[in-house]
Structure formats: structure tokens, C-alpha cells
Amino acid sequence: MNILESILNAGNGAAVRQIGSQLGLDETQTSSALSALVPALSAGLRQNVQTPDGLSGLVAALSAGNHQRYINDPAALDGQGAVAEGNGILCAARPQPRM
């Protein structure tokens, strides 16, 4: 199962409904938006982890949290902590410019 299928199927669609409710979208609109967004995120992560710094940053960010809880309890996506953790994962995988 790929990441998009995992998100769409989490909790029998509860994650999609939770994300949609936060954005004012119905389930179909949310699924469509995720279908367009996830490949772009995956491509960006794939590009960023091509460098040792990007890969180690992503591994550290993923290791530091309990991210499975968002799949197990989609209501947890409603908090600012979820946004902060997501941003931390995305930023950790981005190689930092060297000075």
C-alpha cells in the first residue's frame, strides 16, 4: 500500500473526513486534493533525501515522534501539534544551505 492509499483508507476514511472538515471540503474534494498533493510531496521528499544531510534529517524527524497516532486517531490531526510535526518532517528532509 502506498502513502496515498494509507491516508485515504486510515480509519475507514476518518483521516480524509478530518482533513476535509478542517479545510471546509467534502470527502470527494479532500480525496481529490490529497491525490494531487501527495505525489508532489513524495517527489519533493525523494529529491531532498538524495543528499546525506537531507536523508539524515528526515530519518531524525521521523524517529523523534509518534506519527502513527495520526493514522490511529485522525482527530489528532486537528491540533497545531500535527501541523508543527508535519512541517518539521518536511523541513528536516530539506538540505540546509552550507555556509
Exercise for review: Just jot down the side-chain contact (heavy atoms from CB on, under 4.5 Å) partners of A14, sequence neighbours excluded, or say none.
Suggested key: R17, P74
Point to revise | For E85, all residues meeting side-chain contact (heavy atoms from CB on, under 4.5 Å), sequence neighbours excluded | key: H67, R69, Y70
Practice item. Output every pair passing salt bridge (Lys or Arg N to Asp or Glu O under 4.0 Å) with a member in residues 59-68, not counting sequence neighbours, ordered by first then second residue. Key: none
Review point. Run the side chain to side chain contact (heavy atoms under 4.5 Å, CB included) check on Q29 and S32 step by step: do they pass?
Key: CA-CA 5 Å; Q29 292 170 316; S32 181; 5.7 Å; no
Point to revise | Residue pairs passing the salt bridge (Lys or Arg N to Asp or Glu O under 4.0 Å) test where at least one lies in residues 57-66, sequence neighbours excluded | key: none
Check your understanding: Any donor-acceptor pair under 3.5 Å linking the side chain of S21 with the backbone of Q18?
Key -> yes
**Study point:** Heavy-atom closest pair, residues A76 and A82
**Key:** O-CB, 3.7 Å
Revision key, fill the gap. Those residues at least two apart in sequence (or on a different chain) that pass side-chain contact (heavy atoms from CB on, under 4.5 Å) with L4 are N2, L8, L34, S35, V38
**Study point:** Atom pair OG1 (T30) and CG (L25), whose distance is rounded to the nearest 0.5 Å
**Key:** 4.5 Å
